[in-house]
Structure formats: C-alpha cells, structure tokens
Amino acid sequence: MPELPEVETIRRSLQPLLVGRAVKTILVRETRLRRPVNVRQLRKWIQGHTITALNRRGKYLLWQMDNGSRLLIHLGMSGRLGYCAGPEELEPHTHLCLGLDNGAQVRYRDPRRFGCVQAVAPNERCGLLQGLGPEPLSADFTADYLYDALHGSRRPVKAALMDSRMVVGVGNIYANEALFHCGIAPQRPAGTLSHEQWERVIESVIRVLQRAIRKGGTTLNDFRNGLGEPGFFQTDLSVYDQEDQPCQRCGRPICRVVLQGRSTYYCPACQK
DNA sequence: CAACCGACCTGGCGGC
DNA sequence: TGCCGCCAGGTCGGTT
C-alpha cells in the first residue's frame, strides 16, 4: 500500500495529535509480523515515555521518544495506522494498540502482516535503516549521484529506482509514473542513461512524489491517513493500472509487462 | 557480485 | 452461489 507519499501523509496527519503525548499502555495482539514483534523492548523503551517528534525515513515512520529511543513502524503492503479518540470497536487484524495519556489510541492494522514494529534503544543503530539511500526530496538526490552509482549497471532503470539502497520511498506506483513523465522506458538498462536523462528522471520523481503528497496519497483500495481519510492521487495516475487505456500524450494503449516480478505500465511510443 | 526469484500473508475480484 | 486461481502498494534472503 504505502509508498513515500502515503507514509508522509500519515505522518502529517498524526504529528499534531501525537507530539507531546505520552504512551501509557501498549497492547500487542499479534506478534507474527514480518519480523516477530519484541514486546519486551516495546515496554522497556516506549511505554511511559513522551513522543517528541514524528519523523519519516523512506517508508519508515519513526516515533522519537523523550528518552532517546525510537519506535519504528513500516506498513508493508497492507498496514494502516489509525488514531481513535474514543473506545471504538476493534477492527479485524488490529495487531497493536498504543494508549495515549489523553485516552486516545493509535492502532496498527495489517491483514497481510508484511509490516514491522520495533523499538530501537537510545543510541542503538537500527539495522533496518542501515544502507538506505538518499531521500528523494532531499538535496542528496542528484543526477551526479545516480549517474555515478549506476554507471555500467545493466539492470532496468525501474528496478534501480525501486531499490532502497539507491533512493528510498519510490515504490511500484511512483516508479511507473515518474518514468512515464520523463519519457524513459522502464526496462532501459540504468547504465545507458545520460547525465541529462538522469536529471529528467530526478525531476519527474520529485514532481510526482510532491503532487501525490499534496493530494494526500493514492487510495487504490484501502489506504487511509491517520484520521481515516482517503487520498486522491489515484485520479492523477497516468500509467499505473491503466493497461489498454489511451496514453495521455499519444493516445496509443498503455502496455503492461512484468519486470522483476512487478506489474509495469508504460507507453512504448512515448517512453524510450 | 549484480541481478533475479520465491517466500512471506490475507483479501478481493473475475471467471467458470 | 461457490470455488479457484490470480493479483496486490514491500522487503529480504537465498541462488545463479
């Protein structure tokens, strides 16, 4: 479900409600996520402490606590975080409930259980965050960097964009969309792009992510922000899930192929 | 070693 | 109506 714009949307919706609040109770109803939830660590480092900031790194949400620890949450494919002001009925697949000092709860739901919830001790470096590439909306995401890093690479440019060691936060939807907007074919070997083409790729990635954030993310099925509200970027999708639909630029049908085991959409006429 | 591929899960949908 | 196969926004570890 969530790529960078969706995680950022959740972050922005929850931040004003969480910062300054203490986590009083932690209820873990299911520990079998992608990696087992370590309940002891959660109680030790998170329970009883106050949230000082809500940050994001790629697709990870990072709750900064006043003792220097962090609560790291990844939503996988189907994860949701929801703020409940009152004692609403628990929805299915609610694996974690964090009770706040104002009586509200933050609930983590994840039917497929591909997500991750982990407490990181103060000053501990978290393995999951090691080796991540630059943020696409930061000054580190440059054509120089990508041109050098992918020089000589024969892997498809789309695979490179979706590799979190290259750049974080770009998933299947936005990789497809960005490549359409800069006119580069997804299967094009990354090492064949010129410096100027990387500049256009970067410009497209940034623009599509920013527009998606402005629209509150893409709700294909079930994405909701922390307040339960959907996003609206799905109406702006140019190629993702648009097989056989006319290309916006040339009118020829959008093609779907499978690349790296992922559905890949593009216009063979407009993208070279 | 870069690059590919299956595995991890549940739910929803289309086809028969 | 119901069953079956396929597909899904993401990683990661093992294999080639």
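Proteins get letters first, then strands, A, B, ... in listed order; numbering begins at 1 in each.
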A.B. asks: Any idea how A:His95 and A:His93 line up, ring-wise: parallel (<30°), tilted (30 to 60°), or perpendicular (>60°)?
C.D. replies: perpendicular

A.B. asks: Just checking A:Pro156: base, sugar-phosphate only, or nothing, at a heavy-atom cut-off of under 4.0 Å?
C.D. replies: sugar-phosphate

A.B. asks: Could you say whether the aromatic ring of A:Phe114 and the base of B:dC9 stack, counting only centre distances under 5.5 Å and plane angles under 30°?
C.D. replies: no

A.B. asks: Distance check, rounded to the nearest 0.5 Å: A:Glu177 atom CD versus A:Asp236 atom CG?
C.D. replies: 8.5 Å

A.B. asks: May I ask you to check whether over 12 heavy atoms, not counting those of A:Arg252, lie within 6.0 Å of atom CZ?
C.D. replies: no

A.B. asks: Is the side chain of A:Arg43 donor-acceptor paired with the backbone N or O of A:Ile26 at a distance under 3.5 Å, no angle test?
C.D. replies: yes

A.B. asks: For a quick test of reading the model, state the closest non-hydrogen atom pair linking A:Leu150 to A:Ala160 and the distance between them.
C.D. replies: CD1-CB, 3.8 Å

A.B. asks: Report each atom pair, protein N/O against N/O of nucleotides 14-16 of chain C, whose distance is under 3.5 angstrom.
C.D. replies:
none

A.B. asks: If only atom types and distance count, is the side chain of A:Glu135 paired as donor or acceptor with the main-chain N or O of A:Leu137 below 3.5 Å?
C.D. replies: no

A.B. asks: Decide whether A:Thr142 and A:Asp144 meet the rule of one side-chain donor and one side-chain acceptor closer than 3.5 Å.
C.D. replies: no

A.B. asks: Think A:His74 has a side-chain N or O under 4.0 angstrom from the OP1 or OP2 of C:dT11?
C.D. replies: yes

A.B. asks: For C:dA8, does the base pair up with any side-chain atom of A:Arg112 as donor and acceptor (N or O, under 3.5 Å, distance only)?
C.D. replies: yes

A.B. asks: Counting side-chain heavy atoms from CB outward, which of B:dT10, C:dA8, C:dT11 is closest to A:Tyr265?
C.D. replies: C:dA8

A.B. asks: Looking at A:Arg113, does any N or O in its side chain come under 4.0 Å of the phosphate oxygens OP1/OP2 on B:dC8?
C.D. replies: no

A.B. asks: Other residues, nucleotides and ligands only: do more than 12 of their heavy atoms fall within 6.0 Å of CZ on A:Arg249?
C.D. replies: no

A.B. asks: Using a cut-off of less than 4.0 Å, is there contact between a side-chain N or O of A:Arg35 and OP1 or OP2 of C:dC12?
C.D. replies: yes

A.B. asks: In Å, rounded to the nearest 0.5 Å, how long is the span from CZ of A:Arg11 to CD1 of A:Ile213?
C.D. replies: 9.0 Å

A.B. asks: Where the side chain of A:Arg34 is concerned, which of C:dC12, B:dG11, B:dC9 is the nearest nucleotide?
C.D. replies: C:dC12

A.B. asks: In whole angstroms, how far is the C1' atom of B:dT10 from the CE atom of A:Met77?
C.D. replies: 11 Å

A.B. asks: Distance check: side-chain N/O of A:Arg155 vs OP1/OP2 of B:dA3, anything under 4.0 Å?
C.D. replies: yes

A.B. asks: Contact class for A:Asn221 vs. all strands (heavy atom < 4.0 Å): base, sugar-phosphate, or nothing?
C.D. replies: base

A.B. asks: Hey, does the side chain of A:Arg154 come within less than 4.0 Å of B:dA2's phosphate (OP1/OP2), counting only N and O?
C.D. replies: no

A.B. asks: Against A:Tyr266, only a single residue in A:Arg256, A:Gln242, A:Lys158, A:Gln271 fulfils side chain to side chain contact (heavy atoms under 4.5 Å, CB included); can you say which?
C.D. replies: A:Gln271

A.B. asks: C:dG9 phosphate, OP1 or OP2: any side-chain N/O from A:Tyr240 under 4.0 angstrom?
C.D. replies: yes

A.B. asks: Mind checking A:Leu237 for me? I need base, sugar-phosphate or nothing, with any heavy atom below 4.0 Å counting as a touch.
C.D. replies: nothing

A.B. asks: NZ/A:Lys215 to CZ/A:Phe232 distance, rounded to the nearest 0.5 angstrom?
C.D. replies: 9.0 Å

A.B. asks: When you measure from the side-chain N and O atoms of A:Ser153 to the phosphate of B:dA3, is any distance below 4.0 Å, counting only OP1 and OP2?
C.D. replies: yes

A.B. asks: Can you run through DNA chain C from 5' to 3' and write each base as (, ), [, ], | or . depending on how it pairs? Watson-Crick or G-U wobble, both distances under 3.5 Å.
C.D. replies: .|||||||.|||||||

A.B. asks: Have a look at A:Asp163 and say if it touches a base, only the backbone sugar-phosphate, or nothing, with a 4.0 Å heavy-atom cut-off.
C.D. replies: nothing

A.B. asks: Specify the separation, in whole Å, of atom CG of A:Asp110 and atom P of C:dT11.
C.D. replies: 13 Å

A.B. asks: Which one, C:dC7, C:dG9, C:dC12, comes nearest to the side chain of A:Arg256?
C.D. replies: C:dC7

A.B. asks: Any idea which of B:dT10, C:dG9, C:dA8 is nearest the A:Pro111 side chain?
C.D. replies: B:dT10

A.B. asks: Give a yes/no answer on whether the side chain of A:His93 brings an N or O atom under 4.0 Å of OP1 or OP2 in B:dG11.
C.D. replies: yes

A.B. asks: Which part of the nucleic acid does A:Gly76 contact within heavy-atom distance under 4.0 Å: base, sugar-phosphate only, or nothing?
C.D. replies: sugar-phosphate

